[in-house]
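In what follows, a structure is listed as structure tokens, so that the remarks can point back to it.
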Amino acid sequence: MLEVYPMTSITNELETRFQQAFERAFGEAFSAIDPMIRAAQDARFGDYQSNVAMGLAKKIGDKPRSVAERIVANLSIDDICETPEIAGPGFINLRLKSTWLAEKISSIAIDEKLGLEPAREPMKIVVDYSGPNIAKQMHVGHLRSTIIGDTIARTLAFVGHQVIRQNHVGDWGTQFGMLIAYLFETFGTEAVNTGNLHISDIEAFYKQANEKFRSDEDFARRARQQVVELQAGDQNALRAWEVFRNESLKHCQEIYDRLGVMLNISDVRGESFYNEFLPGVVDELLNNHKVAVEDQGAVCIFLEGFKAKDDSPLPIIIRKSDGGYLYATTDLAALRYRVRELGAQRIIYVTDARQVLHFQQIFATAQKIGWDMNPATQQRASLEHVTFGSVLGEDGKPLKTRSGENVKLKDLLEEAVLRARSVVEQKNPELPEDQKRDIAGKVGIGAVKYADLSQNRTSDYTFSYDKMLAMEGNTAPYLMYAYARVKSIQRKGQINEKETSAGEKITIAHPAEAALAKKLLQFSEIIEEVVKNLRPNMITSYLFDLSQTFSGFYENCPVLKAEDDATRASRLLLCDLTAKTLKQGLALLGISTVEQM
RNA sequence: GCGUCCGUAGCUCAAUUGGAUAGAGUGAUGGGCUUCGAACCCAUAGGUUGGGGGUUCAACUCCCUCCGGACGCGCCA
């Protein structure tokens with residue numbers, strides 16, 4: 001009788017067996033060594049391989065191949081694999097038995113988490129993402145943080161962590177001083193009490209104010225002064241600020257809803273929230289921890305290892321000479337709040353790569369004075385900066401409109417949906433109107449998100465409607481189409497047959513079935529990796545792989561016209577699991593699926 | 001000047017964080033629909049991983065150096 005652990009991934013299972021073998025072969029001291037189990041990248045090497053023998057050889061003082069042989073001799077995995085083979089310098093190649101594969105895949109087919117082992121110790125994880133400057137409309141510059149952060153948050157939640165979303169909006173800085181100063185100077189300080197401002201007003205307003213800010217030094221000084229007054233609690237300034245802020249937040253929420261991002265108003269904890277803590281932060285850093293010093297009228301922190309242009313020490317300025325606070329101050333206050341009040345054990349900052357230096361300084365400061373330490377548990381929170389590159393236009397420069405402005409997210413999404421609509425119209429003109437609209441919405445938005453997420457975060461990427469909406473290649477429409485095809489089989493299959501009975505087992509006979517089963521079993525491994533390295537493109541490339549593997553199965557293995565009932569039932573189950581996995585995988589990316597398209 | 005990231009097929013990108021003969025898509029060429037959705041699939045061609053050196057049993061990956069690019073570097077965020 002096979003012993004199957006339904007919630008354990010293949011690699012975990014193999015790792016355990018290898019470690020048992022290490023202990024038997026080399027002694028107890030070796031039982032915790034990482035067996036370096038990897039999915040084989042070439043089918044000739046089997047399904048999985050262990051690369052441990054080469055490294056271990058040095059420690060033990062034996063030849064790699066001989067080490068591999070000793071491991072294999074002590075390995076008991078004949079329930080899972082065929083006899084392991086040793087190849088090359090000492091690779092141990094493993095080929096899964098199809099009986100075991102069938103057993104394992106059958107257990108996953110009815111598992112809600114698709115074989116994923118929920119986190120043994122759920123953590124409190126803060127994910128800080130999106131964080132737009134809300135004085136103006138959201139634009140492309142906010143796109144990547146918003147959708148990458150959302151994917152990370154969804155993925156961590158899926159494995160069972162407690163995710164606390166934090167939208168650190170810019171609602172308190174110079175740009176607001178600028179707006180308020182401009183408002184007062186054009187309409188007088190009373191306008192906020194009577195005026196009826198809309199976002200379109202604010203948009204035009206922002207442009208004018210910004211223009212004046214740049215061209216008029218006196219005005220710029222007054223705008224900065226306005227920030228100080230706002231931060232000091234001036235009533236008129238506060239009222240104006242509230243009007244601007246509420247309008248802007250409403251607009252942001254529209255974008256989040258359109259984008260299908262799980263942020264809402266309760267996740268907003270902007271710069272203004274931390275205002276009341278800032279004097280205390282400066283005071284503590286200055287007087288308690290004594291890491292900050294006054295320098296040229298400003299309060300600065302000088303840390304070792306941070307150098308400015310001329311090799312002089314590079315400060316973090318936490319209070320300007322005019323008494324105003326800066327984003328470093330706010331970020332330190334936020335970090336402390338997240339650790340102490342929210343109980344974060346891991347804090348993930350999703351911002352663009354240009355801010356690496358800033359976060360290095362913030363993290364270093366926090367770690368130096370112990371603000372990353374939870375007072376109750378005495379555990380340090382893991383501070384992680386998830387960076388990403390810029391969105392470029394087809395000219396290779398940061399994406400702008402023809403007139404040189406930032407592309408508004410609203411316009412960008414509308415354009416994507418419009419283009420998706422015309423494709424739907426072309427491919428499936430007979431669908432009812434409301435369904436077409438639904439499909440176009442999901443395909444258009446999904447395409448934008450997928451194009452971004454499928455890129456390796458760290459590099460810049462070129463934005464192209466044509467490429468993201470292409471039906472062929474590694475795109476959202478392709479995956480959604482793959483999903484729709486599977487659903488189509490299920491629809492047809494259930495016309496003749498009420499239900500796939502729950503007791504059915506999957507059997508693996510055809511190579512294409514085996515390939516599909518193995519791919520499906522890897523879902524949990526991929527997710528586990530992403531939890532660690534926070535790289536959404538591992539999910540996209542997995543899903544694309546899965547779709548292609550399914551296509552191979554689809555071409556070679558008739559489902560509804562299978563040779564016998566048992567095969568048909570087994571294949572229907574494989575289809576069902578494929579559909580679930582695609583749907584769940586896309587859901588982690590915040591992309592909706594449609595049954596027909 | 002210093003620092004960070006990057007340079008991979010004509011183009012757009014991967015490469016399980018040091019593993020085997022560097023893979024996909026697109027474009028090109030040639031095939032496959034009277035059978036579950038052809039928005040699909042299969043095959044072929046395409047590479048000195050920017051150059052050079054080093055570490056290692058093993059380097060796209062780590063170190064050094066040069067070339068080319070993006071982005072940072074005291075009171076913006």
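So that the names make sense, note that chain A is the first sequence line, chain B the second, and so on, each numbered from 1. Because only heavy atoms are used, hydrogens play no part in the values below, and waters and symmetry mates are left out as well, while side chains stay in. Quick caveat: nothing in here was measured; it's all calculated off a predicted structure.
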I'd like the C1' distance from rG27(B) over to rC67(B), given in whole Å. 30 Å
Residues Asp352(A) and Arg144(A) bridged, charged N to O under 4.0 Å: no
Base paired to rA43(B) (Watson-Crick or G-U; both N/O distances under 3.5 angstrom): rU29(B)
I'd like the C1' distance from rA22(B) over to rC66(B), given in whole Å. 25 Å
Hey, does Arg319(A) reach any base, or is it just sugar-phosphate, or nothing, if we go heavy atoms under 4.0 Å? nothing
Is it the case that the base of rA39(B) and the side chain of Tyr481(A) share a donor-acceptor contact (distance under 3.5 Å, atom types as modelled)? no
Identify the nucleotide, in any strand shown, that forms a Watson-Crick or G-U wobble pair with rA38(B), with both distances under 3.5 Å; if there is none, say none. none
Taking the six-membered ring for Trp, are Tyr349(A) and Phe359(A) ring centroids under 6.0 Å apart? yes
What interatomic distance, in whole Å, is found between P of rU4(B) and the corresponding atom of rA43(B)? 44 Å
Pairing partner (Watson-Crick or G-U wobble, both distances under 3.5 angstrom) of rC71(B): rG3(B)
For Pro398(A) and for Gln355(A), locate the closest nucleotide of RNA chain B by heavy-atom distance; then report the residue assigned to the nucleotide nearer the 5' terminus. Pro398(A)
Judged by whether its glycosidic angle lies within 90° of 0, rC6(B) is anti
For the base of rC76(B), is there a side-chain donor-acceptor partner from Gln175(A) under 3.5 Å away? no
Does any donor-acceptor pair link the side chain of Arg38(A) with the base of rU17(B) at a separation under 3.5 Å? no
Heavy atoms only, 4.0 Å cut-off, all strands: where does Pro64(A) land among base, sugar-phosphate and nothing? nothing
For rG25(B) and rA45(B), measure between their P atoms and round to the nearest Å. 15 Å
Base partner of rU55(B), which must satisfy Watson-Crick or wobble distances under 3.5 Å: none
Give Met480(A) one of three labels, base, sugar-phosphate or nothing, depending on what nucleic acid heavy atoms sit under 4.0 Å from its own. nothing
Check every strand shown and say whether Ala87(A) touches a base, only sugar-phosphate, or nothing at a heavy-atom separation below 4.0 Å. base
According to the Watson-Crick and G-U wobble definitions, with both distances under 3.5 Å, which nucleotide is paired to rC13(B)? rG23(B)
Could you give the distance separating rG10(B) and rA70(B) at their P atoms, to the nearest angstrom? 23 Å
Contact class for Gln296(A) (heavy atom, under 4.0 Å): base, sugar-phosphate, or nothing? base
Just checking Asn428(A): base, sugar-phosphate only, or nothing, at a heavy-atom cut-off of under 4.0 Å? base
Pair Asp218(A) + Arg221(A), salt bridge at N-O below 4.0 Å: yes
Between Lys397(A) and Asp395(A), is there a salt bridge with N-O shorter than 4.0 Å? no
Base, sugar-phosphate alone, or nothing: which one does Asp295(A) contact when heavy atoms must sit under 4.0 Å apart? base
Touch check for Pro89(A), heavy atoms < 4.0 angstrom, all strands: base, sugar-phosphate only, or nothing? base
Describe the nucleic acid contact of Ile317(A) in one word from base, sugar-phosphate, nothing, applying a heavy-atom distance below 4.0 Å. base
How is Ala353(A) classified with respect to the nucleic acid when contacts are heavy atoms under 4.0 Å: base, sugar-phosphate, or nothing? nothing
Near-ring test His168(A)/Tyr274(A), centroid separation under 6.0 angstrom: yes
Syn versus anti for rU61(B), judged by chi lying within 90° of 0? anti
Nearest-angstrom distance, C1' atom, rU8(B) to rC41(B): 28 Å
So, for Phe553(A) and Phe550(A), is the gap between ring centers shorter than 6.0 Å? yes
Pairwise C1' distance, rU29(B) and rG46(B) [rounded to whole Å]: 12 Å
Base, sugar-phosphate or nothing for Tyr554(A)? Non-hydrogen atoms, less than 4.0 Å. base
Is Gln548(A) near enough to rG25(B) that one of its side-chain N or O atoms lies under 4.0 angstrom from OP1 or OP2? yes
I want to know whether Tyr48(A) and Phe18(A) have ring centres closer than 6.0 Å. no
Could you tell me whether Ala40(A) contacts a base, only the sugar-phosphate backbone, or nothing, with contacts defined as non-hydrogen atoms closer than 4.0 Å? nothing
Could you tell me how far rC2(B) sits from rC60(B) if I compare only their C1' atoms? Round to whole Å. 27 Å
If you compare every side-chain N and O of Ser551(A) against the phosphate oxygens of rA38(B) (OP1, OP2), does one of them come in below 4.0 Å? no
